[in-house]
Peer 1: 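Take this structure, written in structure tokens, and hold onto it; I'll ask about it next.
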Number of protein chains: 2
Amino acid sequence: MLNAALKKNKVPLYLQIAEVLRQRINGGVWSQGDTLPSLNALMEEFSVSKVTIRQAVKLLQEDELLAPQRGRGTVVTAVPKNRRPLRVETTLADLIEMYSGDVPDVLNLSEDFSSPADHLTEGRLAEEYFHMRRIHSRNGERYCVISMYIEKSVFLDSEERFRKELVLPILFSLSTPKIARARQKMIIAKCNIETAGLINISIGDPVAEIRRVLYDENDTVIYHADVIYRGDYIRLDMDLRP
Amino acid sequence: MLNAALKKNKVPLYLQIAEVLRQRINGGVWSQGDTLPSLNALMEEFSVSKVTIRQAVKLLQEDELLAPQRGRGTVVTAVPKNRRPLRVETTLADLIEMYSGDVPDVLNLSEDFSSPADHLTEGRLAEEYFHMRRIHSRNGERYCVISMYIEKSVFLDSEERFRKELVLPILFSLSTPKIARARQKMIIAKCNIETAGLINISIGDPVAEIRRVLYDENDTVIYHADVIYRGDYIRLDMDLRP
DNA sequence: ACTAAAAGTTCTATAGATAGAAACTTTAGT
DNA sequence: ACTAAAGTTTCTATCTATAGAACTTTTAGT
């Protein structure tokens, strides 16, 4: 039964099995210091050849999650770590506070003056926007790509800051225009080829695609951003209010 | 540059390219009736051999997204469809209304009397729970696996209904106990081997792992569920209240 | 020292993935 | 009918993935 899912997929068996073993390690089934079932036992569990298991183990060895030792077994060497460091905020107040702690590194990719292409379901567009693409990273790990539009006159008022600093804290600190409300939409997708290259994950890996729109008091769009986060970097935590 | 992401991944090139082409079709870059760039053009774009492109195209042909035609080109045959039918609710009021429309089919997998295993960060556990695992589907398509715990005495009061119907609407219709509040947490993960088998997606495909906890007025956990949704079935839409 | 357990190595064999090239067939336009 | 465009087929070649089996080496326990 477990094997059916493996065999029906075209991805090589050893890659799939490596993922299964990785999930067991990351999910706490096996902890640092534990010894995995023997290669023979894993062969039987997954109904595959030993060489397939060994290739899967080798991948995890290269990632320093496992250390196979002849005569002894395969030991888990993975260091437990917080793999969900970033919380996606679900209230405006929290969004304002989002970067009060650890500030990510910012790498700007490109910029121009243009407007969001899609049709808004609500609010109205200003005449022109500043468009910027950037990457955020922490501890050298890139975790999201942002494509954002800032209303042009707002941008020009603080041009230097917008280019160097995080944009949301700036927007929220402005007295004019005042951010009256915000919307955020999210879907889960497979990583596209371009983003995969930019943030060093694989095509098809899980990502969150988030759209954030900030409106002023006249319901004009002040900020419109499409953010792609690597899926393993974020979590959402919602208090479902009555 | 585009090719670097392909080449550094161990998944076969034709599978990766199929995914890229699939995303372009699903993302609206190519619509039904459009003709793709020629195989030679795609070969050049991705810097791969023609046979690799042809294998990618063949996969999409089998999925009825593409129809290659000799002398003419490769035409998009994909039927546009709503690929995000289910909205994950982010307020309690919406959660109550969640199933007022189209009701999913329910397949029960297993049941027993046991308690949630993990340590709660808040609230308190009752003495015993009814545990049930089930699958939801719509139009024959399985889209989530649920592992839920219902407080035992609550369950026993409406045992028949809980086994047959959707659980949340029942819980919300109860006068005793009253649901006082709820929390919902979500992470994005790669599909595990078991769930992949249950809902017919691939190991490693994007999924949402959602935990929902409902509390009564005494902050006792009445309902505790871990739900794994296929990532392409859901969307979140958050009005960020000030 | 002996034994059992377990990983590592070697061997044979087949199928799949990938590359590159050339020739053939089909379609559409002139 | 001719030409250009584009997919299809065929060929050669190499590498990778997978299977199964047997043997060797290492480790740990008695």
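Every chain is numbered from 1 and lettered A, B, ... according to where its sequence line falls, protein lines coming before strand lines. In what follows, every heavy atom counts, from backbone to side chain, and hydrogens, waters and symmetry copies are set aside.
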Peer 1: Provide the closest heavy-atom pair for B/P104 versus B/L166 in the form atom of the first, atom of the second, distance.
Peer 2: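 Minimum heavy-atom separation between B/P104 and B/L166: CD-CD1, 3.7 Å.
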
Peer 1: Counting only side-chain nitrogens and oxygens, does B/T52 get under 4.0 Å of the OP1 or OP2 atom of C/dA19?
Peer 2: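 Yes, such a contact exists.
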
Peer 1: How would DNA chain D look in dot-bracket form, 5' to 3', counting Watson-Crick and G-U wobble pairs with both distances under 3.5 Å and writing | for bases paired to another strand?
Peer 2: ||||||||||||||||||||||||||||||

Peer 1: Measure the distance from CD on A/Q55 to C1' on C/dT9 and round it to the nearest whole Å.
Peer 2: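 In whole Å, C/dT9 C1' and A/Q55 CD are 14 Å from each other.
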
Peer 1: Under the side chain to side chain contact (heavy atoms under 4.5 Å, CB included) criterion, do A/V227 and A/V145 qualify, and how do the steps go?
Peer 2: CA-CA 6 Å; A/V227 192; A/V145 181; over 6 Å; no

Peer 1: Where along residues 69-78 of chain B does a heavy atom fall under 4.0 Å from DNA chain D?
Peer 2: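 B/Q69, B/R70, B/G71, B/R72, B/G73, B/T74 - these, ordered by number, are the residues of the stretch whose heavy atoms sit under 4.0 Å from the strand.
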
Peer 1: Take the protein atom CG of B/L42 and the nucleotide atom P of C/dT18, then report the distance between them rounded to whole Å.
Peer 2: 15 Å

Peer 1: Please step through side chain to side chain contact (heavy atoms under 4.5 Å, CB included) for the pair B/D226 and B/R212, ending with a clear verdict.
Peer 2: CA-CA 7 Å; B/D226 288 320; B/R212 290 195 184 106; over 6 Å; no

Peer 1: In whole angstroms, how far is the P atom of C/dA15 from the CG atom of A/L13?
Peer 2: 16 Å

Peer 1: Can you name the one residue among B/R142, B/R138, B/R84 that meets side chain to side chain contact (heavy atoms under 4.5 Å, CB included) with B/Y233?
Peer 2: B/R138

Peer 1: What is the distance from CG of B/L36 to C1' of D/dA5, rounded to the nearest Å?
Peer 2: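 One finds 15 Å between C1' of D/dA5 and CG of B/L36, rounded.
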
Peer 1: Would you mind reading off the distance between A/R54 atom CZ and D/dT25 atom C1', rounded to a whole angstrom?
Peer 2: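 Taking atom C1' of D/dT25 as the reference, CZ of A/R54 is at 13 Å.
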
Peer 1: From CG of B/N9 over to P of D/dA17, roughly how many Å is that when rounded to an integer?
Peer 2: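 So the two atoms are 12 Å apart, to the nearest Å.
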
Peer 1: What I want to find out is whether A/E111 reaches A/R133 closely enough, with some N-O distance under 4.0 Å, to be called a salt bridge.
Peer 2: no

Peer 1: Could you work out which one of D/dG7, C/dT18, D/dT18 sits closest to the side chain of B/Y14?
Peer 2: C/dT18

Peer 1: Do other residues, nucleotides or ligands put more than 12 heavy atoms under 6.0 Å from the CD atom of A/E127?
Peer 2: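 12 or below, so no.
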
Peer 1: May I ask you to say what A/V48 touches in the nucleic acid, namely base, sugar-phosphate or nothing, with a heavy-atom cut-off under 4.0 Å?
Peer 2: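 Touches sugar-phosphate only.
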
Peer 1: For the CG atom on B/D112, are there more than 12 heavy atoms of other groups (residues, nucleotides or ligands in this structure) within a distance under 6.0 Å?
Peer 2: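 Yes, the 6.0 Å shell around CG holds more than 12 heavy atoms from other groups.
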
Peer 1: B/Q16 has an atom CD; how far is it from atom C1' of C/dT18, in whole Å?
Peer 2: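 Spelled out: CD on B/Q16 to C1' on C/dT18 is 13 Å.
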
Peer 1: Do A/K8 and B/N200 pair up side chain to side chain, a donor and an acceptor below 3.5 Å, judged on atom types alone?
Peer 2: yes

Peer 1: Measure from the side-chain heavy atoms of B/L39 and tell me the nearest of C/dA19, C/dA7, D/dG7.
Peer 2: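 Of the candidates, D/dG7 comes closest.
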
Peer 1: Just the rounded figure in Å: distance from C1' of D/dA5 to CE of B/M43.
Peer 2: 15 Å

Peer 1: For the residue pair B/V57 and B/P68, what are the closest heavy atoms and their distance?
Peer 2: CG1-CG, 3.9 Å

Peer 1: Would you mind telling me which of B/R230, B/R134, B/H136 makes a side chain to side chain contact (heavy atoms under 4.5 Å, CB included) with B/C144?
Peer 2: B/H136

Peer 1: Is it the case that atom NZ in B/K58 sees more than 12 heavy atoms from other parts of the structure closer than 6.0 Å?
Peer 2: no

Peer 1: Step through the shown structure and confirm whether more than 12 heavy atoms of other residues, nucleotides or ligands are within 6.0 Å of CD on B/E62.
Peer 2: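 Result for CD/B/E62: enclosed.
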
Peer 1: Which atom pairs link the protein and nucleotides 21-23 of chain C when you take only N or O atoms and keep those under 3.5 Å?
Peer 2:
none

